[in-house]
Amino acid sequence: MKRASTIAAIALAALLGAILPVAALVYISWSRAQVAETDRLERTAERTLQRAHRAYEAGLLALRKLNQAQLPGCSPEHLKLMRSLTLSTTSAEQVGYFEEGRLRCTSWGMVEDLVPEPTPDHITADGASITLGVRPVAGDGAASLLSLQLGRHDILMDPSRFVDVIAEPNVRLAVATPDGRLIAQQPMADPELLQRLLREPHNGHTPRTLFASAQDQEWLAIAIAPRVGLVAAFQQQLWQLVPLGVVGAVLATVAGIWLSRRRLSLRNELASAVRRREFRMDYQPIIELDTGICVGAEALVRWSRADGTQVRPDLFIPVAEETGLIEALTDHVMDLVISDMRELLIHDRSAHIAINLSAGDVSSGRALKVLSGKLVGSGIHPQQIWLEATERGFLDIQGARTSLAAARRAGHCVAIDDFGVGYSSLQYLQQLPLDALKIDKSFIDSIGTHSVTSPVTSHIIDMAKTLGLFTVAEGIETSAQLAYLQSRQVEFGQGWLFSRPLPAPEFVAFHEQRRMQYGKAPEDMQNPNSITE
Ligand code: C2E
Ligand code: CA
Ligand code: CA
């Protein structure tokens, strides 16, 4: 009996000796992963806070300008200023002017109906009033917007802009006032948790989720993410580790931590993808709207991870821009475009390919030099490579102006991309040497959905014409949109109505087929990009 109990005790000790370190290691790695995840979420919440600040400050700045201008209410100059501030302010949908407690006019004209001044839901430290759930007078009235009012002016903003932050796909974000009044949120699986966090913001976890918050005087931001993946991965590891013992446990745990860290870091993954040149291009046909001819394509970069999942460029391009990887990526894109499209471009001299450049690429002027070098001896004419410069994040306007002017001298056609979406203003447009303006998909989307097409779209087209730029409309999906753009003499367009972005061989076939269908041999076609400096 004594022997039996000793054996049992030894067995138990051995078992505990084997299990405890494993359990301890698993526990340690688990809590470290959890802390890292929570930290990461907290950083996301902090970035959301900054985003909310930027949206709010931009609105406030516009309101101050309007109040300081002291123009006679609803006079033509007043309407003009309201309109230009609507266009140049991020996330602004409409600016309004109140007199005697009612809305007199907006950036889109006089208001006939009686629209009373809203009762604010919240007053900020700057003395501005915030009202939620406001419906604009113009448009179909379906959108629920946020009104920011200072003095007699208010600005209607899309609240989703306050949470418009790049985060891991399953992270959900919300922004509120410090007293817990919700301004904007992404769809949440657990609305009760959100309510709890609004009342009492803190970092932590529930059995299903991890959450973090960030707060300052003006805003409260909350980030919530499921932890299902974390739980499952670690349980599985535990069962494999027990029979393998401590050594196996140490190795597996270290590997586990290393792997989960790696998985969490899009940056590292992107860095190695750039090093290994794991990208390819799709080409979205660009169509001359009144003839239907395919005049070229926009080159769009594609990244498939090792596990086969695709990462969207609007997710990884900003990361590449932040981390300085963009230079190498842009170089790679140029190489791909040249090797994919060389033959087509030599065969059809009227065809062009548009390459997207980031603000940094443009400001430094480096990308242009690299491109010129790569084109030498390729047989491709500089006129056949168009450059799309996004206006997002142009800090060095002087640098951009110099390098865009050089690009045009070299023969490239230069278009401004996403105009009206970022932080840009009309001022930018006038200062930059440009050939074309790309109308962002968000403006094309509004065509035909409102009883009257968004006045902004029409205004952008007019503006391009005034400045002598030709226009390319992006994201055309319906024939109603096409008909409208044709009626407004927009020259070129791209979108799913014509074709989705295609792999190189499919684009070559598409281009060929269109050319036969519209009966134009390459020699007959005029290059639409004839540049006169
Ligand atoms: P973008 O330059 O505004 O490109 C247009 C985006 O709209 C593309 O998304 C395109 O696939 C999509 N699109 C085109 N037509 C339609 C349509 O009819 N309906 C819908 N729903 N979408 C349409 P994609 O390829 O995901 O690219 C997103 C953004 O990533 C681009 O926006 C551009 O800013 C950036 N990007 C893509 N490729 C590159 C690149 O090579 N270099 C740089 N710097 N940025 C790139
Ligand atoms: Ca583009
Ligand atoms: Ca765009």
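Everything numeric here is computed off the predicted structure, so don't read it as measured data. We count ligands from 1, going down the list as the structure has it; atoms in each ligand are counted the same way.
Restricting Asp440 to its N, O or S atoms, the one at the least distance from the Ca ion (ligand 3) is OD1.
Using a 4.0 Å heavy-atom criterion, the residues that approach ligand 1 are Gln284, Glu298, Leu300, Val301, Arg302, Pro313, Asp314, Ile317, Val333, Asn356, Ser358, Arg392, Asp417, Asp418, Lys441, Glu474, Gly475, Ile476, Glu477, Gly495, Trp496, Pro501.
Pairs passing the side-chain hydrogen bond (donor to acceptor under 3.5 Å, both in side chains) check and including a residue from residues 367-382, sequence neighbours excluded, read Asp335-Lys374.
For the Ca ion (ligand 2), protein N/O/S neighbours under 3.0 Å (waters excluded) are Glu298 OE2, Asn356 OD1, Glu388 OE1, Asp417 OD2.
Note on ring orientation: taking the six-membered ring where Trp is involved, the planes of Trp386 and Phe492 are perpendicular (angle over 60°, cut-offs 30° and 60°). Between Phe510 and Phe507, the angle of the ring planes stays under 30°, which puts this pair in the parallel group of the 30/60° scheme.
Residues Gln284 and Leu300 meet the side-chain proximity criterion, which asks for heavy atoms closer than 4.5 Å.
Side-chain N or O atoms of Arg514 include none that pairs as donor or acceptor with a backbone N or O of Cys294 at under 3.5 Å.
A donor and an acceptor atom, one from each side chain of Gln384 and Arg349, are located under 3.5 Å apart. In this structure, a donor-acceptor pair under 3.5 Å is absent between the side chains of Glu477 and Gln481. Between the side chains of Asn356 and Glu298, at least one donor N or O lies within less than 3.5 Å of an accepting N or O.
Partners of Ala52 under the side chain to side chain contact (heavy atoms under 4.5 Å, CB included) rule, at least two apart in sequence or in another chain, are Phe162, Val175, Trp219.
Using a cut-off of 4.0 Å between Lys/Arg side-chain N and Asp/Glu carboxylate O, Asp435 and Arg408 are scored as salt-bridged.
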